[in-house]
Amino acid sequence: MNEKKTKKLSIKETVWYLISAFFGLAGLVFLVVGIVGEHLPVLASENGILLSEKAWLTNWSPLGYRYWGIILILAATLLAVICLTLFAREGDRDVERAARRAQRLGIAPQDENKPE
């Protein structure tokens, strides 16, 4: 049988991916709420979404739900890309370290792509 080796995610890596996913999900919710609030077929004085946007969001920011949704999605994407880059580099370092150790000990390195 050809068994593939799977790498387990570390706790730190999982936590960072979950934080990124949370920001992405919050951004998606804000974006959808903003779009729904703009297109609800009710009077502006009866639109609860636009009223809530004016009540609490515009007190500290001139941006609405849609813009904050876009900002959060972009932040989540940036955080995920940074995490992927850092953890991939860490994995490459581990592979290189194992290859150097095998070479130093005179052991043939185990190639994952080589069929047995």
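What you are looking at is a predicted structure, and each value in this text was computed from that prediction instead of being measured.
- In this structure, the side chains of Y65 and E38 stay at 4.5 Å or more apart for every pair of heavy atoms.
- To the nearest 0.5 Å, the span separating CD1 on I73 from CG on L25 amounts to 9.5 Å.
- Within a 6.0 Å sphere centred on CG of L18, other residues, nucleotides and ligands contribute more than 12 heavy atoms.
- L51 and V29 are not part of a single hydrophobic cluster, where members link through side-chain heavy atoms under 4.5 Å apart.
- Checking side-chain atoms of S20 against main-chain N and O of W16 turns up no donor-acceptor pair under 3.5 Å.
- Atom CD of E53 is separated from atom CG of L50 by 6.0 Å, given to the nearest 0.5 angstrom.
- Taken to the nearest 0.5 Å, the CG atom of N47 stands 11.5 Å off from the NE2 atom of H39.
- Separating the OH atom in Y67 from the CG atom in L31 is a distance of 11.0 Å, to the nearest 0.5 Å.
- Using a 30° and 60° split on the angle between ring planes, Y17 and F87 fall in the perpendicular class, above 60°.
- Atom CG of L72 sits about 10.5 Å away from atom OG1 of T77, to the nearest 0.5 Å.
- By the 4.5 Å heavy-atom criterion applied to side chains, L63 and I71 are counted as neighbours.
- Partner of L79 under the side-chain contact (heavy atoms from CB on, under 4.5 Å) criterion, chosen from L74, I19, L84: I19.
- Under the 4.5 Å side-chain heavy-atom criterion for Ile, Leu, Val, Met, Phe, Trp and Tyr, W68 and V32 are members of the same hydrophobic cluster.
- Linking Ile, Leu, Val, Met, Phe, Trp and Tyr residues whenever their side-chain heavy atoms come within less than 4.5 Å leaves L43 and V36 in two separate clusters.
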